[in-house]
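A short worksheet on the structure shown next.
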Amino acid sequence: MLDIKLIRENPELVRQGLLNKNAKDIVDDILATDEERRSLILKTDELKAKRNQASVQIPQMKKAGQDTSAVFAEMKLVGDQIAQFDFQLREIEEKIETILRHTPNLSHASVPVGKTAEENVETKQWLPDGFSFQNDFKVLDHIELGKKLKILDFERGTKISGSGFPLYIGKGATLERALINFMLDYHLQHHGYTEVMPPILVNRESMKGTGQIPKMEEDMYFVEKDGLYPIPTAEVPITNIHRDEILSEKELPIKYVGYSPCFRREAGSYGKDSKGFLRVHQFNKVEMVKFVKPETSYDELELLVKDAEDILHELNVPYRLLLLCTGDLSFSAAKCYDIETWSPAENKWLEASSCSNFEAFQARRANIRFRNETTKKPEFLHTLNGSGLATSRLMVSILENNQTPEGKIVVPKVLQKYTGFEIID
RNA sequence: GGAGAGAUGGCAGAGUGGUUGAAUGCGGCGGUCUUGAAAACCGUUAAGGAUGUAAGUCCUUCCGGGGUUCGAAUCCCUGUCUCUCCGCCA
C-alpha cells in the first residue's frame with residue numbers, strides 16, 4: 001500500500017511512478033477524497049470533544065443535585081450527529097482504502113523505465129565451464145525425458161487432479177526431494193537463514209498482507225468452506241509471520257527460508273508455454289524472506305539475488321539475470337531481478353526465480369513495524385523475498401542440460417549425496 | 001462435531017456503567033549510588049489520526065462488527081480466535 005502522505009506531499013512523483021508502472025492514475029481521486037475525509041474529521045472531533053466535556057460535568061452536576069435533563073437532551077442530539085458523521089467518515093475511509101489496495105507499489109529510481117518485458121535489462125549471464133548453446137546431439141525436452149526415464153508422468157497427474165498437476169515418480173520424485181533439501185541446507189549453512197515450515201492454507205488477512213488480494217484474487221485457489229487460500233508462494237505465510245507486530249531494531253535483519261508447495265490457478269494460459277513443467281498449478285519452491293531496516297533494503301536485495309545465484313553455481317546450471325523494467329514489475333515490488341535458467345530443448349530462458357524488494361509496501365499493508373532505536377518510534381520496515389529457487393522450471397534446465405546422447409541424466413554432483421544415485425537411466 | 005471458560009498496554013494481570021488510556025508486577029529507557037557492574041532507590045515508558053512552523057491542543061482505540069445509554073473496557077446481540085473437557089483422528 002502506498003503512503004497517503006507521500007501522495008499528499010508529492011502528487012506529481014506518484015503520478016509519474018504509476019504511469020511508469022502502467023497503472024491507473026489515482027492521485028486526484030485520492031487527494032479529493034482525502035480532503036473530504038479531513039474536513040469530516042475536523043467536524044466530528046469537535047462534537048466528540050463537546051460530548052466528552054459533558055461526560056465530565058454530568059457526574060458533578062448529579063452530585064450537586066442539579067437537573068441534568070437539558071444536558072441530556074442536547075447530548076442526545078450531539079450523539080446522533082456524531083453517529084451520522086462517523087458513518088460518512090467510514091464510507092470515505094473505505095473508499096480510500098479500496099483505491100490504495102488496488103494501487104501498485106512505485107518502482108525504485110534505479111529501475112529502468114519500460115512498458116513490457118521486452119524492455120527488461122539483462123545484467124548478467126553465467127554459463128558453466130564447457131557449456132555451449134549448440135549441442136552435438138539431438139536434445140530431448142523434459143517431457144520426453146520424463147516419459148522415457150519414467151520419472152515424470154504428466155498424463156497421470158492430469159487424471160488424478162487435472163492439467164498442471166505434475167506427478168513425479170521413482171528417481172524423479174527422489175531428485176525433486178533432493179533438490180529441495182539441497183537448497184534448504186545450502187541457505188541454512190552458507191547464507192544465515194532460519195528455516196521455517198509454514199502453514200500452506202492461509203486466511204484472507206494474510207493474502208491481503210502480501211498483496212495477492214484483492215487485485216489477484218482470481219488467480220488464487222480458495223477453500224470456500226473454511227475461508228482459506230492454498231498459498232501461491234511461501235512468501236505469503238512467511239511474510240505474515242510478523243503481521244501486526246512491532247519488532248525491535250536489534251532483531252533485524254530477520255531472514256527466513258522455507259519450502260512449500262505452491263498453488264496457482266492462473267487460468268487462461270493454455271497452448272504456448274504451458275506444456276509439462278512450463279506452467280503448472282502446483283509446484284515446489286524454496287522461498288527466502290527478509291525483514292530489514294529501510295536503509296539496508298537495497299543492499300539486502302543484491303545479497304538475496306546472490307544467495308539464489310549461489311545455488312545455480314553449485315548445480316552448474318546456465319542462467320541469466322534480468323532487471324525488470326517498471327512496466328513488468330509485479331504489483332507489490334519496487335525493484336525486482338528475475339533469474340532465468342537455460343532450456344536447450346525449448347531453446348529459451350525460463351524464469352526460475354524472482355527476487356524483489358517491496359520496500360514498505362507489504363509492511364504497510366500487513367502492519368509490520370520495528371522500533372527505531374534513535375527515535376523510539378515504530379516505523380514500517382522493508383520486506384524482500386526471492387525464490388531460492390522454484391523447482392519446476394529449474395528441473396527442466398537440470399534434466400535437459402544434464403542429459404547424455406543416450407538420453408540418460410547425470411545427477412548434479414551436489415545432489416548425489418541427497419539422491420543416493422548418480423545417474424537416471 | 002458437543003459442552004464450558006476466556007480475549008485488556010512489549011509481557012503478565014486488575015478492573016462489571018461516569019477524571020480508567022486504564023491499578024499492580026515484569027520488561028524497556030533515563031538517573032542516583034558505584035572504579036565499573038549488579039542490587040536498591042527515584043523518574044519515565046501505548047498506538048493511530050486531526051490541527052499547528054513548533055510547543056501544544058483535540059479525537060480514536062481494552063479481539064472485530066452491531067446495539068442500549070447523556071456517557072461503555074464494563075450491559076445486550078453477533079462474528080472471529082484461544083483454552084479446558086468429551087467425541088473423532090494421521
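Below, each value reflects all heavy atoms present in this structure, side chains not excepted, and no hydrogens, waters or symmetry copies. Proteins come first, then strands; the chains are lettered A, B, ... in the order of their sequence lines, and each starts at number 1.
If you take atom C1' in U34(B) and the same atom in A40(B), they sit 12 Å apart, rounded to whole Å. Distance check on atom C1': G48(B) versus C41(B) gives 36 Å, rounded to whole Å. Nucleotides A14(B) and C62(B), compared at atom C1', are 13 Å apart to the nearest Å. G25(B) and U32(B): their C1' atoms are spaced 23 Å apart (whole Å).
Residue order along RNA chain B, read from the 5' end via each residue's closest nucleotide, puts Val56(A) first among Arg371(A) and Val56(A). With RNA chain B read from its 5' end, the first of the two nearest nucleotides for Arg369(A) and Gln60(A) is the one closest to Gln60(A).
Residues Lys50(A) and Glu74(A) are paired through a salt bridge, judged by an N-O separation under 4.0 Å between the basic side chain and the carboxylate. Glu217(A) and Arg204(A) are joined by a salt bridge, as a carboxylate oxygen and a charged side-chain nitrogen come within less than 4.0 angstrom of each other. Ion pairing between a basic and an acidic side chain is recognised when a charged N comes within 4.0 Å of a carboxylate O; Asp28(A) and Arg15(A) show such pairing. A salt bridge does not link Asp219(A) with Arg264(A): none of the charged nitrogens is closer than 4.0 Å to a carboxylate oxygen. Of the charged side-chain nitrogens involved, at least one lies within less than 4.0 Å of a carboxylate oxygen, so that Asp34(A) and Arg37(A) count as a salt-bridged pair.
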Restricting to nitrogen or oxygen on both sides, can you table the protein-nucleotides 66-70 of chain B pairs closer than 3.5 Å?
from, atom 1, to, atom 2, distance (Å)
G66(B), OP1, Arg90(A), NH1, 2.7
G66(B), OP1, Arg90(A), NH2, 3.4
C70(B), O4', Phe72(A), O, 3.4

Using atom names, set out every protein N or O paired with an N or O of nucleotides 49-52 of chain B below 3.5 Å, distance rounded to 0.1 Å.
from, atom 1, to, atom 2, distance (Å)
G49(B), O3', Arg37(A), NH2, 3.1
G49(B), N2, Asp45(A), OD2, 3.4
A50(B), OP1, Arg8(A), NH2, 3.1
U51(B), OP1, Arg38(A), NH1, 3.2

Check: protein-nucleotides 75-80 of chain B nitrogen or oxygen pairs below 3.5 Å:
none

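Checked against the 6.0 Å centroid criterion, the rings of His191(A) and Tyr186(A) qualify as a close aromatic pair.
The partner of G43(B) is C29(B), judged by Watson-Crick or G-U wobble contacts that both fall below 3.5 Å. Across all strands shown, G17(B) forms no Watson-Crick or G-U wobble pair with both key distances under 3.5 Å. The partner of U84(B) is A3(B), by the rule that a Watson-Crick or G-U pair needs both atom distances under 3.5 Å. Pairing partner, A50(B): U57(B), with both Watson-Crick or wobble hydrogen-bond distances short of 3.5 Å. With both pairing distances under 3.5 Å, U74(B) is matched to nothing as a Watson-Crick or G-U wobble pair. Pairing for A37(B) is absent, with no Watson-Crick or G-U wobble pair whose two atom distances lie under 3.5 Å. Across all strands shown, the partner of U24(B) is A12(B), judged by Watson-Crick or G-U wobble contacts whose two distances both fall under 3.5 Å.
Inspection of the Glu302(A) and Tyr337(A) side chains reveals an N or O donor paired with an N or O acceptor under 3.5 Å. Remark: the Glu176(A) side chain and the Thr391(A) side chain contain an N/O donor-acceptor pair separated by less than 3.5 Å. A donor-acceptor contact closer than 3.5 angstrom is absent between the side chains of Asp80(A) and Gln84(A).
As rounded to whole Å, 9 Å separates atom P of G48(B) from atom CG of Asn367(A). The interatomic distance linking Phe87(A) (CZ) with U60(B) (P) rounds to 20 Å, in whole Å. Taking atom CZ of residue Arg243(A) and atom P of nucleotide A47(B), one finds them 21 Å apart after rounding to whole Å. What separates CG of Asn203(A) from C1' of C63(B) is a distance of 14 Å, to the nearest Å. In this structure, Asp244(A) atom CG and G10(B) atom C1' are separated by 15 Å, rounded to whole Å. Rounded to an integer number of Å, the gap from Ile246(A) CD1 to G48(B) P is 7 Å. Atom CD in Glu249(A) sits roughly 14 Å away from atom C1' in G28(B) (whole-Å rounding). For the pair Leu40(A) CG and C59(B) C1', the computed distance is 13 Å after rounding to whole Å.
A cation-pi arrangement is not found for Lys215(A) relative to Phe331(A), the charged atom failing to lie both closer than 6.0 Å to the ring centre and inside a 45° cone about the ring normal. Figure legend: Lys171(A) and Phe421(A) shown as a cation-pi pair, the cationic atom lying under 6.0 angstrom from the six-membered ring centre and within 45 degrees of its axis.
As judged by a 4.0 angstrom heavy-atom cut-off over every strand, Arg204(A) is placed among residues making no nucleic acid contact.
When the side-chain nitrogen and oxygen atoms of Asn52(A) are compared with OP1 and OP2 of U60(B), one or more of them lie within a distance under 4.0 Å.
Formation of a donor-acceptor pair under 3.5 Å by the Asn10(A) side chain with backbone atoms of Leu13(A) is not found in this model. Checking side-chain atoms of Asn367(A) against main-chain N and O of Glu245(A) turns up no donor-acceptor pair under 3.5 Å.
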